[in-house]
Number of protein chains: 2
Amino acid sequence: MVASGARKEQIVATASELFRQRGYHATTVRDIARELDLQGGSLYAHIDSKDAVLREIVARAAEAFFAAVEQLAGEPWPAATRLRAMIHAHIGVVTSRLNDATVFLQDWRYLEEPGRAEILRLRDAYEALFRQVLAEGIAAGEFTVRDPRLASIMLLSGLNALPGWFRPDGALSADHIAAEYAEMLLHGLSVRPLADEEDDR
Amino acid sequence: MVASGARKEQIVATASELFRQRGYHATTVRDIARELDLQGGSLYAHIDSKDAVLREIVARAAEAFFAAVEQLAGEPWPAATRLRAMIHAHIGVVTSRLNDATVFLQDWRYLEEPGRAEILRLRDAYEALFRQVLAEGIAAGEFTVRDPRLASIMLLSGLNALPGWFRPDGALSADHIAAEYAEMLLHGLSVRPLADEEDDR
DNA sequence: CAGGATCAAACAAGCGTTAGTTATTGGAGT
DNA sequence: ACTCCAATAACTAACGCTTGTTTGATCCTG
């Protein structure tokens, strides 16, 4: 084990940015050090291993996602309202913690065991939050979708691809994207046959 | 340059499978060779470089996607019908050419220039096929979605995450998934307020 | 002056790739 | 039919470089 000071924070943050940009395996521990004007070996006064840094980044992102979404899933609201809030919250985490979230989504599979298996479990528990709300919405007659598992996968797939194209200084704000995504997911791309305006938003 | 025999085919196919499973950088040229009971160096009688193998896999996948989808986009059908067909075709490629498609979607960014830039151009041209159909559908009053770019991104994000969870020997067939995805994307997860059954399918 | 942070240097291991050599093979010429 | 040759494909071995990590000395700073 090893110290946990402010320098370590810089190292993890720098690693998070480089992992996001280049991927875990294409980033060298010397790359990370150079960014902080250090020698490669100097990092090891603060970290245990490259894998431990990845583990920490991924763990942070996972915590952020749960902290933002878990409670919303249990609120006493209509399922559609909860789902909308969860979509906003999830996108909020991806966009506001872009480095950690991207690394989590893109490099978790390079974790060494048993960390990898642990994250896999967390991912499923997280997806279950959405699955659950979808299932409840179906039971309540709010949703027409047939398979809540398939729906939760598709929904999260859309949200989790954000790091591939979202630009923090771009024209589309996180809130705008969240609102549009929620609209498209809940009501679909097509016109609603034989229907006029709705209200739910 | 170097021969293009049947052995090369095996090498590229093996590389495609390993790249899919472990990722490009986590796969060694000696790993590929071992799978074929060869020594690492022996591959170089058939290939130019590891990067060239990746380039070939990615190029094959790109061709497959265009071959399956390009024509459908221009058919004289309603936009919703075309979009449905394109979703089926895209998922068909992902599931039937799982190795190549996964590597294309997951490792294209590790291509060396200028191959990487070229693929980036192809990706945009491909997304434009969907964007175009969406825009035409909006113009024709078939779609309510506001931003065809955002819609095409969300749609393709959902489809392109398939390699992360699809299992060829699983319970869900490619056609089943495609039908469900198309349904969810076109009509949304929610009940359609003030509407009854539709027909389009 | 003690303790943490950083350095330079090295470590063993692994990387993609090349070179030179040895089997294997399928015709061409007698 | 049988040799001989050229080509092909594989091997062993090594190259030069990079990887993650460790070591022991040196520097700062409180």
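Source: prediction; values computed, not measured. Protein chains get the first letters and strands the later ones, always in sequence-line order, with residue 1 at the start of each.
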- Note on the structure: note: A/Q10, atom CD; C/dT6, atom P; distance rounded to Å ~ 9 Å
- Message: Can you see if the side chain of A/H46 gets near the phosphate of C/dT6 - specifically, an N or O under 4.0 Å from OP1 or OP2?
- Response: yes
- Message: Distance check needed: D/dT18 P versus A/I32 CD1, whole Å only.
- Response: 17 Å
- nucleotides 19-24 of chain D: protein proximity per nucleotide (B base, S sugar-phosphate only, - neither; heavy atom, under 4.0 Å): BBBB--
- Message: From CG of B/L43 over to P of D/dT12, roughly how many Å is that when rounded to an integer?
- Response: 14 Å
- Query: If you measure from CD1 on B/I11 to OH on B/Y44, what distance do you get to the nearest 0.5 Å?
  - Reply: 10.0 Å
- Query: Taking everything shown except B/R149 itself, do over 12 heavy atoms lie less than 6.0 Å from its CZ?
  - Reply: no
- Salt-bridge test for A/D124 and A/R131: reply yes if a basic N is under 4.0 Å from a carboxylate O, no otherwise. yes
- Task: Report yes if the side chains of A/M154 and A/V145 come closer than 4.5 Å at any heavy-atom pair, otherwise no.
- Result: no
- Ignoring backbone atoms, establish whether A/R7 has a side-chain N or O less than 4.0 Å from OP1 or OP2 of C/dG4. no
- Task: Output, in order, the C-alpha distance, side-chain angles, deciding distance and verdict of ring-ring contact (aromatic ring centres under 6.0 Å, His included) for A/H90 and A/Y126.
- Result: CA-CA 11 Å; A/H90 185 93; A/Y126 187 71; 5.5 Å; yes
- Are B/E112 and B/R116 close enough for a salt bridge, meaning some N to O gap below 4.0 Å? no
- Do any side-chain nitrogens or oxygens of A/Q39 fall under 4.0 Å of OP1 or OP2 in C/dA8? yes
- Query: Taking CG from B/L38 and P from C/dA23, how many angstroms apart are they, rounded to a whole number?
  - Reply: 18 Å
